[in-house]
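The structure appears below as structure tokens.
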Amino acid sequence: GGGAGGEATAEEREAARKAGALKGLAQQAFERMDSRRALLLLGEAIGLAPGEAHLWSLRSRVYEGVHRYADALSDAQEAICLAPQWSRGYLRAGRALVHLERYDEALQALELGLRMEPANQKMKDAAEHATFLLRTQRAEQRALASNRAGGVDLLGIQRGGCRCKGCECKGY
């Protein structure tokens, strides 16, 4: 707060109360699948209480729900800046990064969250999903890099070149 001795002023308390009410309305709108209204309400709430990490985290979740993953990541990062010891921001960031196909970074964010809250099943599931996608991405990259006779395909099957006598094509 900004008052003397670190206490919130009456104006700050009123802004926080309004932001909390708007957050509740936004959660109800999101549960009703009215993401547009939820985003409007959360934008207003953040305007009143920009230092509240839970508002940024919730808006990140709504953005994820409407496939605005860059916005979801941005809000998750803001939540992390405001509350670095709160695991929820890392979950939100990890999920957004997965959707942006930035699997290495997603896994890093999720692992940070798991260090804070090792029993969080949503975090564990998201980390497992990111790990699978990262492995798949790397296998795909290896397969594309070795797209020649003697290399391996996406499934790891050895390419042997064409079986026709004297042919130099790159088929199996």
Side-chain angles (χ1 to χ4, degrees), residues 1-138 140-141:
E7 292 186 25
T9 65
E11 187 177 291
E12 289 171 331
R13 285 192 303 273
E14 180 61 13
R17 186 194 63 73
K18 285 180 181 175
L22 289 166
K23 178 189 176 201
L25 292 172
Q27 286 175 310
Q28 291 172 7
F30 184 62
E31 288 166 9
R32 290 191 318 270
M33 309 286 275
D34 188 352
S35 298
R36 186 187 63 77
R37 180 157 172 71
L39 289 171
L40 288 171
L41 292 164
L42 286 165
E44 193 175 336
I46 287 169
L48 289 169
E52 296 294 328
H54 59 92
L55 296 173
W56 294 93
S57 175
L58 180 56
R59 193 169 73 172
S60 174
R61 173 65 188 97
V62 177
Y63 277 140
E64 180 189 355
V66 295
H67 309 279
R68 289 176 56 182
Y69 304 122
D71 291 327
L73 176 58
S74 178
D75 278 8
Q77 290 169 327
E78 187 65 29
I80 290 168
C81 286
L82 292 168
Q85 299 307 315
W86 186 43
S87 68
R88 180 72 53 88
Y90 298 93
L91 174 62
R92 299 282 185 242
R95 291 174 57 114
L97 286 161
V98 162
H99 288 293
L100 293 168
E101 298 181 13
R102 293 164 55 183
Y103 307 125
D104 263 327
E105 294 169 82
L107 202 49
Q108 289 172 22
L110 293 163
E111 286 171 351
L112 285 170
L114 280 169
R115 282 190 207 142
M116 289 173 227
E117 199 177 346
N120 184 316
Q121 193 59 50
K122 286 182 181 180
M123 194 91 65
K124 287 180 186 179
D125 292 345
E128 185 178 317
H129 184 65
T131 300
F132 170 78
L133 291 171
L134 179 60
R135 285 184 186 145
T136 302
Q137 183 184 56
R138 287 180 177 163
E140 185 178 79
Q141 289 167 346

Summary of side-chain hydrogen bond (donor to acceptor under 3.5 Å, both in side chains) pairs that have at least one residue in residues 122-133, sequence neighbours excluded: Gln121-Asp125
Residue pairs involving residues 13-26 (criterion side-chain hydrogen bond (donor to acceptor under 3.5 Å, both in side chains); sequence neighbours excluded): Glu14-Arg17, Lys23-His54
Nearest 0.5 Å, please: how far is [atom2] in [Y] from [atom1] in [X]?
{"X": "Ser60", "Y": "Glu78", "atom1": "OG", "atom2": "CD", "result": "11.5 Å"}
{"X": "Ile80", "Y": "Ser87", "atom1": "CD1", "atom2": "OG", "result": "10.0 Å"}
{"X": "Leu41", "Y": "Gln28", "atom1": "CG", "atom2": "CD", "result": "9.5 Å"}
{"X": "Leu133", "Y": "Glu140", "atom1": "CG", "atom2": "CD", "result": "11.0 Å"}
{"X": "Asn120", "Y": "Leu114", "atom1": "CG", "atom2": "CG", "result": "7.0 Å"}
{"X": "Met123", "Y": "Leu112", "atom1": "CE", "atom2": "CG", "result": "9.5 Å"}

Contact check, side chains of Gln27 and Leu58, non-hydrogen atoms, under 4.5 Å: yes
Student check: side-chain heavy atoms of Arg59 and Leu39 closer than 4.5 Å: yes
With [X] via salt bridge (Lys or Arg N to Asp or Glu O under 4.0 Å) - residues at least two apart:
{"X": "Asp104", "answer": "Arg138"}
{"X": "Arg88", "answer": "none"}
{"X": "Glu44", "answer": "none"}

Heavy-atom pair of closest approach, residues [X] and [Y]:
{"X": "Glu101", "Y": "Gln137", "result": "O-NE2, 3.6 Å"}
{"X": "Ala130", "Y": "Leu110", "result": "CB-CD1, 4.1 Å"}
{"X": "Leu55", "Y": "Ala45", "result": "CD1-O, 3.7 Å"}
{"X": "Arg95", "Y": "Ala126", "result": "CG-CB, 4.4 Å"}
{"X": "Ala76", "Y": "Gly89", "result": "CB-O, 3.8 Å"}
{"X": "Leu48", "Y": "Ala19", "result": "CD1-N, 4.1 Å"}

Qualifying ring pair (Phe, Tyr, Trp, His ring centres under 6.0 Å) pairs, either residue in residues 23-43, two or more places apart: none
Pairs where residues 61-93 contributes a residue and the test ring pair (Phe, Tyr, Trp, His ring centres under 6.0 Å) is met, not counting sequence neighbours: His67-Tyr69, Tyr69-His99
Using the test side-chain hydrogen bond (donor to acceptor under 3.5 Å, both in side chains), find all partners of [X] that sit at least two apart in sequence or belong to another chain.
{"X": "Ser74", "result": "none"}
{"X": "Arg61", "result": "none"}
{"X": "Tyr103", "result": "none"}
{"X": "Glu105", "result": "Arg102"}

Donor-acceptor contact present, side-chain Thr136 to main-chain Phe132, <3.5 Å: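 At least one qualifying donor-acceptor pair exists.
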Sequence-distant partners of Arg36, side-chain contact (heavy atoms from CB on, under 4.5 Å), two or more places apart: Asp34, Leu40
